[in-house]
Amino acid sequence: MKYIATIDGKEYTIEVLDERHIRLDGQLLEVDFTQVSGQPVYSLIINGQSFEAYVHRDEDEWEVLMSGHQYRARIEDEREKRLRLAGGGAATQTGPYHLKAPMPGLVVAIPVQEGQEVKKGEVLLILESMKMQNELKSPRDGVVQRIRVQPGENVEQRQTLLSVE
Amino acid sequence: MKYIATIDGKEYTIEVLDERHIRLDGQLLEVDFTQVSGQPVYSLIINGQSFEAYVHRDEDEWEVLMSGHQYRARIEDEREKRLRLAGGGAATQTGPYHLKAPMPGLVVAIPVQEGQEVKKGEVLLILESMKMQNELKSPRDGVVQRIRVQPGENVEQRQTLLSVE
Amino acid sequence: MFNKVLIANRGEIAVRILRACRELGLETVAVYSEADRNALHVRYADEAYLLGPAPSRESYLRGDKIIEAALKSGAGAIHPGYGFLAERADFAQAVLDAGLVFIGPKPSAIAAMGDKAIARATVRAAGVPVVPGTEDVGNLSDEELLERAKSIGFPLLIKATAGGGGKGMREVRSLEEMPALLTAARREAKASFGDDNVYLEKLIVGARHIEIQILADTFGNVIHLGERECSLQRRHQKLLEESPSPFVDDDLRQRMGAVAVQAARAVDYVNAGTIEFLVDKDKNFYFLEMNTRLQVEHPVTELVTGIDIVKEQIRIARGRQLSYSQEDVRFKGHAIECRINAEDPFNNFMPSTGRITHMNIPSGPGIRVDTGVYAGFEITPYYDPMIAKLLVWGETRAQAILRMRRALEEYRLIGVRTNIPFHQTMMDSHRFMGGQYDTRFVEERFRMEEVERTAPLRPDVAAIIATLVADRETRLAAQIIRPAKRDTSNWKWVSRWERLHR
Amino acid sequence: MFNKVLIANRGEIAVRILRACRELGLETVAVYSEADRNALHVRYADEAYLLGPAPSRESYLRGDKIIEAALKSGAGAIHPGYGFLAERADFAQAVLDAGLVFIGPKPSAIAAMGDKAIARATVRAAGVPVVPGTEDVGNLSDEELLERAKSIGFPLLIKATAGGGGKGMREVRSLEEMPALLTAARREAKASFGDDNVYLEKLIVGARHIEIQILADTFGNVIHLGERECSLQRRHQKLLEESPSPFVDDDLRQRMGAVAVQAARAVDYVNAGTIEFLVDKDKNFYFLEMNTRLQVEHPVTELVTGIDIVKEQIRIARGRQLSYSQEDVRFKGHAIECRINAEDPFNNFMPSTGRITHMNIPSGPGIRVDTGVYAGFEITPYYDPMIAKLLVWGETRAQAILRMRRALEEYRLIGVRTNIPFHQTMMDSHRFMGGQYDTRFVEERFRMEEVERTAPLRPDVAAIIATLVADRETRLAAQIIRPAKRDTSNWKWVSRWERLHR
């Protein structure tokens, strides 16, 4: 199977030949790849070099944490990439953004109102958790819609708090 | 459910009333009992005292390892105890003893022969594992039967090596 | 003299105190909330008593229930740890009233140092320099504070009178932005401490936060154990501490130590305490506050002095003399502490909760880990995000940094996000290596992306790993979905598939 | 000068050496067998090369492949650790011949000390006292040994000429039982070392096994780092070591240290080494052997001297002078090491294999754990059963014992049996607490059942816990079996059952 991995704008073409061999941008490499302890932790030995990474899927990206650095990789096979390019690549910008509680907590304040225009980075809601007041910010420009919680309310993890359209 | 627990010859009558209450030899006790980390490790808080033990079932006994001491408990409900007593209690002494490899290893020597009489504690087989030569001894008096392995042979864990009848 | 100690706390500090008691042959009593039934301090203690539901105010802040548990268990003393009830004079008094020993200072000393205005007035009278501000004049209204702000000058800080740990704190750069920040600070102070009083304090630019550990017994002996450098902070929360401070020389250490002892004597202090100072670039230092309790970062001092501060606390509370005179205190090598928090350094340090599925702590020479968590334990949103303290000792600061690098690289904790990558980046930062940082460094001049890393970036390797994981998941998904379509010979199909792909 | 080190070992010692390299800023290369693909040393190293299948002779004893990996990776030096190839002069020579640095002594010193007969002759010539025996006269036949045994007298020991670690060793109490024991010893020696030669040695009754750590650089500086008490052994395998020895006073330490330095000089020794002595009750001491390598128990010396022995080894191998003169070596406090083995102390210390499903190592003040395992790792039968070394430091021996008690109590390792309960019992033994033990203590005068325990026995609590577990299993089994009989409404039935029983 042939994949295109994209990290920081750079593309890597990776062909998985079998359990022990891949082709990276055309170059044949022997890999020794194994999962550790049944955890999302992977060990890779390649050309004698030993690497270990924590790997987590986050929506349509893969987070790779290795030696204290976080890489964000998009992995697509050729068909997926064609489809995405055909779709204009702007898919991630359309549709409303639903602000979800990243953890359980107490809504301390909601400094925005429904219908209000907000800029990327503007604070939408202050959530208290673990004795810290955490500012949840808008990931993009838009208009605040459907505020579903009130200050003083306890919320669950992943509960939708409000939307930005 | 009412159980009889026997440790070192002493019997404890334990009635499990519900998740939080038991009766120990007639005395009502509140217990807070929980398994830790999904492991065979259990935490018990009883009358404010906090205990933690590793519990393992070994054939018809329960091993409880607590504060560096190993307790071996037989747990029976009333019916089981009646049956065992009716059966004469000698059931564990009848039938052949099958010597099984406690771990994978190499058979170094078998100092006994088929048909030979052996005493309790006599060495039946020497198994090398983890760089140590381990002497496997007979748990009782009897006659050696069916030696199924030879010196120099590699054996798997739990593989039957020979029998004593 | 007591032989059983109740520890009125949770997490790593409860475990830390428990260990000290064990090593002194004392029996231990834990208290816990419903969220902490399986916490390490409950598992390790000889006895454990439930206080109530998870929220602190219903459990770890219930002084009455804690004293009740102490009396029920026959504990003769209560150690409060830090946070929760540690600096509440009324709790300390209630403990004494119940006929128990409070392992800490007298309630009067807690009260004197707990009200920062009184604290400043007291130490100022004893000749200790303080930072200019309104703390000394009592609680003021917004109008009065706005008036006073002009004479103090900007930038300045709004701080909660009852507070600590950065809660209710705001930085003000001009008079215009001050009213809104006052409102926010009072709101946070109210929420955190039940008291919305605030005061103003001159912000010393380029300041270092350096504190002196002191020990005082009931015989009037007061000694100091040198300084801890705590300037690496984010939102006024300490992230990393070290001792000695790369900024402090023997002369400054002696002067600050002497002043710290003076400050402690001013309130007739007994037990362990910490005097926090701000030090400007010219090595002028100002009294900031006194923490009348064991400090989170006490182990860095333990590592360079060899003195077990918690054991000394217990010794003092048992009415013994200090084991050490000032002359006995010797400093050897260098210690660094990284606070390991359950938060995501790649997402604005957002707290992270969940069950720890796997954990492997660093060990080997020169490493100490103080933690209250383990694989299988669930991090709840109710308490502090700090889940461990990773400490190293080295013969020199450079060796300590190298050791911390390898320890951080070894640390594995899966299930919640941690700030370990932040610390790894810090250890690679040239400014940190050079000891050139102040209290604003993390927020203003440190970017994780911009630090030149010791380990070279390997996006190619990351791409391979991510691809191989994605490939496995694709194949796994195929295994699950396809047989359902066929609905027969599931195992045969899988084994054929495996033959094809291995 | 080298900047990359290949570690020709596995397990905790490979990890230990890796950590030292990391902390010196050196790159690391691991080698591994097929059984160790996921071992910690492979995970922590910068590079890793497969040697071959699990058995040592096809992997960790393949000197040729190891040197090949070193050359391929560009490593400039090889650290052999202990065991495997550490004391093979031919391997050390092959390393040098390949143009690499061997982090250890010269091949000539290994050879001189590796043949025990030559070793004894050499040190005896240098004025070092040795135990009477046949080691000096070369390999003898059974007949000759039986003849010589009469003049040495009983009890005596049969020992493997090529051996170490108790393999091929037998104790003989009379001439009658000697022929059978000779056969057994030769068989074990052959199996372990490929050499069935044995020698005889007088058995010193009531002997203590005490060893001196030495360090020697290429400039002719030789120092000693004091003694380690290693008398607690079972089947000639050390179980627990401490420093200082409760039996050694300053005078004896100085005398033994001086003799150890003499012995090292006799073979022109370079790098770290250990001289083992037997000490009788009158404090006479006899040279036993020299281990020309890093010793398992080296960390107890590190804890009391503050000297990192592995870093000094690397320093010496890089051609530098020792960092310390004899006068710089100061002893502080007391250190104890417990070897944690995968074996069942309740079943004749039978080795135990399997996957570790959960692990929580002790931490906090004064603790050090050197280990090569983690939760999820599988303990295979191919290698040594030692999976970790638990070390504590305390200001006094009593404090170290109390700390070790709490550390052992904290240790959790599920999936294989360990000898932790043995160590817990030892820490409770009055004879151990009194320091009154010799090399026969564990086997002859120590019974786990007979030690009066610090923690009182609680069979009632054990009965409750076992019953509650059995009750849960019964209920769980019921849940699984009964629905199968009904074959419908499985989930409904379970939920009704749960309502009834909760």
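Since the structure is predicted, the reported quantities are computational estimates derived from the model, not experimental observations. Residue numbers begin at 1 in each chain, while the letters A, B, ... track the order of the sequences.
- Highest contact tally toward chain B, considering only D:Thr357, D:Asn347, D:Asn348, is held by D:Thr357 [criterion: heavy-atom pairs under 4.5 Å].
- Crowding of B:Asp58 atom CG: a count of heavy atoms from other residues, nucleotides or ligands under 6.0 Å exceeding 12.
- B:Ala5 and D:Thr467 make their closest contact through CB-OG1, 3.7 Å (heavy atoms, listed as atom of the first residue, atom of the second, distance).
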When you look at B:Glu19 and D:Arg475, which way does the salt bridge (charged side-chain N to carboxylate O under 4.0 Å, His left out) test go after all the steps? CA-CA 12 Å; B:Glu19 289 266 319; D:Arg475 289 194 286 146; 3.5 Å; yes

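- With a threshold of 4.5 angstrom between heavy atoms, B:Leu127 does not approach chain D through any atom at all.
- For B:Lys10, no part lies near chain D; criterion is any non-hydrogen pair under 4.5 Å.
- The shortest heavy-atom contact between B:Met66 and D:Ala462 is CE-N, 4.0 Å.
- By the 6.0 Å contact criterion, OH on D:Tyr382 is open, its count of non-hydrogen atoms from other residues, nucleotides or ligands being 12 or less.
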Stepwise side chain to side chain contact (heavy atoms under 4.5 Å, CB included) check, D:Ile414 with B:Tyr54: CA-CA 8 Å; D:Ile414 313 295; B:Tyr54 164 77; 3.8 Å; yes

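- No more than 12 heavy atoms of other residues, nucleotides or ligands sit less than 6.0 Å from atom CD of B:Glu117.
- With respect to the salt-bridge test (charged N to carboxylate O, under 4.0 angstrom), the residues D:Arg458 and B:Glu52 do not qualify.
- With a 4.5 Å cut-off on non-hydrogen atoms, B:Leu65 touches chain D through its side chain but not through its backbone.
- Interface remark: D:Ser352 contributes backbone atoms only to the contact with chain B (heavy atom separation under 4.5 Å).
- Closest non-hydrogen pair, B:Glu135 versus D:Met350, comes out as O-CE, 4.3 Å.
- To the nearest 0.5 Å, atoms CZ (D:Arg412) and CD (B:Gln39) are separated by 11.5 Å.
- Between B:Glu63 and D:Arg417 there is a salt bridge, with a side-chain nitrogen of the basic residue lying less than 4.0 Å from a carboxylate oxygen of the acidic one.
- D:Asp471 and B:Tyr3 are linked by a side-chain donor-acceptor pair at a separation below 3.5 angstrom, with hydrogens and angles left out of the test.
- Interface remark: B:Gln35 contributes backbone and side-chain atoms alike to the contact with chain D (heavy atom separation under 4.5 Å).
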After noting the C-alpha distance and the side-chain angles of D:Ile465 and B:Phe33, does the key distance pass the side chain to side chain contact (heavy atoms under 4.5 Å, CB included) rule? CA-CA 8 Å; D:Ile465 291 175; B:Phe33 186 68; 4.1 Å; yes

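- Among D:Ala470, D:Pro381, D:Ser192, the residue making the largest number of heavy-atom pairs under 4.5 Å with chain B is D:Pro381.
- Two residues are said to be in side-chain contact when any heavy atoms from C-beta on lie closer than 4.5 Å; B:Asp8 and D:Pro459 fail this criterion.
- Heavy atoms of B:Gln70 lying under 4.5 Å from chain D belong to its backbone as well as its side chain.
- Between B:Tyr12 and D:Ala463 the shortest heavy-atom distance is CD1-CB, 3.7 Å.
- At a 4.5 Å heavy-atom cutoff, the contact between B:Ser129 and chain D is made by backbone and side-chain atoms alike.
- B:Ile126 touches chain D through its side chain: at least one heavy atom from C-beta onward sits under 4.5 Å away, while N, CA, C and O do not.
- Looking at D:Ile379, the atoms closer than 4.5 Å to chain B (heavy atoms on both sides) all sit in the side chain, from C-beta outward.
- Between B:Val41 and D:His358, the closest side-chain pair of non-hydrogen atoms is not below 4.5 Å.
- With a threshold of 4.5 angstrom between heavy atoms, D:Glu343 does not approach chain B through any atom at all.
- What you find for B:Val64 and D:Ala466 is that their closest heavy atoms are CG2-CB, 3.8 Å.
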